[in-house]
Amino acid sequence: MKKVIVIGGGVVGCALARQLSRYEADILVLEGGEDVASGASKANSGIVHAGFDAKPGTMKALTNVEGAKMYEAFCREVDAPYVRSGAMVLAFDEKQRAVLEKLLRQGEENGVEEQRIIEREEILRLEPNVNPDVVCALLEPTSGLTSPYELTCALADHAAVNGAQFQMETMVEKVVPENGGFRVVTNKGDYLCDILVNCAGVNSAALHNQLSESKMTIIPRKGEYYLLDHQAEPFFQRTMFQCPSKMGKGVLVSPTAHGNTLLGPSAEDVDDSMDLGTNADILAKVRDAARLTWPGMTLRTVITTFAGIRAHGTNDDFVIGAVEGVPGAYETVGIESPGLSAAPSIAKRLGEQIVREQGLNEKSEWKPAPRREKPFYAMTLEERADVVRKNPEYGALVCRCEQVTEAEIRAAIRRPVGARTIDGVKCRTRAGMGRCQGGFCSPRVLEILAEELHLDPTEVTKCGGESHVLVSTIAQALQKGGNHNAQ
Amino acid sequence: MLSEELRSQVEKVDILIVGAGPAGMAAAIAAKEAGVDSIVVLEREEHMGGILRQCIHNGFGLHRFKEELTGPEYAQRDIDRVQELGIEVRCGTTVLSIDENRFVTAVSKEKGIQLFACGALILAMGCRERPRGALATPGTRCAGIYSAGTAQKYVNLEGYMPGKRVVILGSGDIGLIMARRMTLQGAKVLACVEIMPYSGGLNRNIVQCLDDFGIPLMLSHTVVDIHGKERLTGVTVARVDDKRNPIPGTEQHFDCDTLLLSVGLLPENELTQMAGVEMSAQTSGAVVDDALQTSAEGIFACGNVLHVHDLVDFVSAESMRAGKAAAEYVQGKNRAGRYAQVKDGNGVRGAVPQRILVPDGEAEPIQLMFRPANVYENSYIVIRDGENQILRQKKRILAPGEMVELTLKPEMIKAFSGADLTVSIEQ
């Protein structure tokens, strides 16, 4: 059986691993982070773009529109959240109306359906919280929302039940062609494979450059966001864009798949692709920009602020396919926005290309994705009564803000590609995602992780590496303190 | 609509109490002592006592018991009394929803989904800590950042240390207590950083928890950056101007592995809001009358879910009034009279209760509580009935960190004109 190594466990890498898991191949996903979805897939707007924004004829346009049309079924197959919420691009003067008209034509050319320009009255009827100074808007009913990390985890699980292996905290240092295949040198040792797929996000250009004569450049582009608590009645039903600029789609105000409100992102090129710090001045700009869309904006319910890094390719398009002149090597480079929207299409196209060129045979059986129980917070009273009867661990609420139960936390750890950290539990279950930010539940989550993974509590981390939550027992601390004082 | 099966499971109780912390226990005791037998208390933790369980320091009970107790000792007195009175407490039981008709759903491992139809409902859920996210403090989201109460839980209940070199942001009481606790446990506490020009905590805690250990209190300073990719490696602290904006050039770096946040407490009112109860923007709690009854009939609120207190003694006292009032409500003792509204005047934040009944019959003394909006020296607390000054009390020092409690005498209440009452601080 041919050995495939997929470098990068983001949404594209996991979607591709899942696609290839239908075929006779020995698949290994190497992920530098402690969990899947630990790069751009973790911190982004979670929007499945309709596809009007990309330049016609580009890979971005092609895969975005194709991906968006696949999304509903894609998410249903792996049991990940998807809502077709719709979007609007707002124009505040006649000059911007011309921009909308251009976007509309561009969308048509890209194959986006159902879009139309609507006028002020209709906008305010559909979205009462929008700035009443709005003149017109491009309505995009096919725009949707997903939960990018939940989707990525679900894709990884589906690949895993079909035999794909995942290895975390494995940083690829070097890739060397060897004996018609590749030697992948990592911090955890060397791996050999016949087929190599580069889905390395911000590091994808560096990896490409190791293999190819042609050089590519990726600039890490940081986006900062505000996340607001969910409301009984969301502030906005749809994703609200402003007219796009050179740096991207601009600051949006959007509901999330879970009913929170997201403001952002900023767009700022940075040197360090690991730099996920937020900055007060930039967040202030995000706030001010969002106010144009939402003048009645209230930050009283801000849960958190965060930053994500997207892999901006200087050629401004996705590079998807075989690495030229390097048989057996494939790549996805420069997958920035709309990469989440395009992921199903990228995985399908590239997967099919690899299967064709490498002659992989379809398996006789491709197991369906493991089903997840409906989250407790989304259950009716009857469903709750039923589920607690079957499994009393549903009766122990661990995260009170998001109503996550002990049963769900244990299940998240026991999944095929299970949670190993507090953040891993948070991404999969929403425990700690709410207004108290884990203040109440993190000690209990930590305890359950330690139990399930047979770790000492001091070994449990927030997000892998040295991110320990507890440094010692109090008795050990006193011993150390005593020694310190004696010196 | 409920299924037939679930409807048959609905439990009828006279008084249901949400929370078995100091507020819920005191309310239950008072309700029982007032003659109500059918009482159930729901507690989400596995034990009664609430946050007192992790407050192993002393200083509790001076007002109520005239002696100095630790948190667990204070709680135990109420636990003993609850048990002595035979009040039913269901621990490990989380309330999932309440509505304005006092229909309550809850869940536990042992009993599964539980449904209640109750004569009166007393909300005693307490409060939670403001997290880092609410401050939008810039920097990375590494491990090593805890709210002070979470750290307190790790140290005092679980027996683990969250870090070794500590900076504390905010000077709320839990932060101050944890400065001392971490120091005694061998950690080095580098500084307590407070954005305001005054502390948010009790003066006795500044003296006993910072001064006694030589921990600097940096007023008018805040954390402007957080460093560290995996675990915290340091924070940048800067002085702030009188608009609380950081002053460039005043930054200083602290190498630390732990940042504790003690930046305020928020009443935990998600359930309250489910019932559509009128809320106060000043207290973040429900709007209540002098019987601690909210805008929803038969729903009462007391303790830190109503407004954040400094001292548990006052939580207990307030909650006993709520328990007694709820008992009178289910016993059908009608309160006839007219209401006077209480308004926050100059320098006053979150006066509670917001409505006072001027009864047709006998009046009883009423406790009025509020927080000063700022620090005031040699000033007066003034209450006006319309334009008419009805109380003037000299205070040497007033500060936001110390809640003010006033007693309104029955004869004063009987004399209310019906105009709004305004509470203010005047120089």
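Protein chains get the first letters and strands the later ones, always in sequence-line order, with residue 1 at the start of each.
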Reference residue B/Tyr160; test side chain to side chain contact (heavy atoms under 4.5 Å, CB included); the match among A/Ile474, A/Thr458, A/Leu446 |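 That would be A/Thr458; it is the only one of A/Ile474, A/Thr458, A/Leu446 passing the side chain to side chain contact (heavy atoms under 4.5 Å, CB included) with B/Tyr160.
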
Indicate yes or no: at least one non-hydrogen side-chain atom of [X] is less than 4.5 angstrom from one of [Y].
| X | Y | answer |
| --- | --- | --- |
| A/Phe376 | B/Leu96 | yes |
| B/Ile145 | A/Lys462 | no |
| B/Thr150 | A/Pro443 | yes |

Under a 4.5 Å heavy-atom cutoff, which of [options] has the most pairs with chain A?
| options | answer |
| --- | --- |
| B/Val224, B/Thr93, B/Thr94 | B/Thr94 |
| B/Glu110, B/Glu268, B/Arg130 | B/Glu268 |
| B/Ala187, B/Pro131, B/Gly139 | B/Gly139 |

Just how far is it from atom [atom1] of [X] to atom [atom2] of [Y], taken to the nearest 0.5 Å?
| X | Y | atom1 | atom2 | answer |
| --- | --- | --- | --- | --- |
| B/Thr140 | A/Asp275 | OG1 | CG | 8.5 Å |
| A/Ser472 | B/Lys164 | OG | NZ | 7.0 Å |
| B/Ser3 | A/Asp386 | OG | CG | 10.0 Å |

Could you tell me whether [X] and [Y] make a salt bridge, using a distance below 4.0 angstrom between a side-chain N and a carboxylate O?
| X | Y | result |
| --- | --- | --- |
| A/Arg435 | B/Glu270 | yes |
| A/Arg389 | B/Glu5 | yes |
| B/Lys109 | A/Glu406 | yes |

Need one label for [X]: side chain, backbone, both or neither, based on atoms under 4.5 Å from any heavy atom in chain B.
| X | answer |
| --- | --- |
| A/Glu224 | neither |
| A/Asp281 | neither |
| A/Thr380 | neither |
| A/Leu397 | both |

Report the option among [options] that has the most heavy-atom pairs separated by less than 4.5 Å from atoms of chain B.
| options | answer |
| --- | --- |
| A/Arg400, A/Glu393, A/Gln403 | A/Arg400 |
| A/Ile422, A/Ile282, A/Val302, A/Thr301 | A/Val302 |
| A/Gly439, A/Ala307, A/Cys401 | A/Gly439 |
| A/Gly438, A/Ala407, A/Gly464, A/Ala385 | A/Ala385 |

Donor-acceptor pair, side chain of [X] and main chain of [Y], under 3.5 angstrom:
| X | Y | result |
| --- | --- | --- |
| B/Glu230 | A/Glu466 | yes |
| B/Arg231 | A/His468 | yes |
| B/Gln185 | A/Ala477 | no |

Measure distances from [X] to the heavy atoms of chain A and classify the residue's part below 4.5 Å as side chain, backbone, both or neither.
| X | result |
| --- | --- |
| B/Thr258 | neither |
| B/Glu45 | side chain |
| B/Arg44 | side chain |
| B/Gln273 | neither |

Criterion side chain to side chain contact (heavy atoms under 4.5 Å, CB included) on A/Thr473 and B/Met161, from CA distance to verdict = CA-CA 6 Å; A/Thr473 65; B/Met161 283 294 275; over 6 Å; no

Given side chain to side chain contact (heavy atoms under 4.5 Å, CB included), test A/Leu381 with B/Leu115 step by step and report yes or no.
-> CA-CA 10 Å; A/Leu381 195 55; B/Leu115 312 169; 3.7 Å; yes

Verdict with supporting geometry, B/Val107 and A/Arg384, side chain to side chain contact (heavy atoms under 4.5 Å, CB included) | CA-CA 9 Å; B/Val107 70; A/Arg384 286 174 170 180; over 6 Å; no

After noting the C-alpha distance and the side-chain angles of A/Thr278 and B/Arg141, does the key distance pass the side chain to side chain donor-acceptor pair (under 3.5 Å) rule?
-> CA-CA 9 Å; A/Thr278 50; B/Arg141 254 140 292 270; 3.1 Å; yes

Where do B/Ile113 and A/Tyr394 land on the side chain to side chain contact (heavy atoms under 4.5 Å, CB included) test, with the steps shown first?
-> CA-CA 10 Å; B/Ile113 290 283; A/Tyr394 270 103; over 6 Å; no

If you take all heavy atoms of B/Lys153 and A/Phe440, which pair is closest and at what distance?
->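 It is NZ-O, 4.1 Å.
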
What do you reckon, is CZ of B/Arg180 surrounded by more than 12 foreign heavy atoms closer than 6.0 Å?
->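 It does: B/Arg180 CZ has more than 12 such atoms within range.
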
Exceeds 12 heavy-atom contacts within 6.0 angstrom, atom CG of B/Asp241 =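 Counting neighbours around CG of B/Asp241, more than 12 heavy atoms of other residues, nucleotides or ligands fall under 6.0 Å, so yes.
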
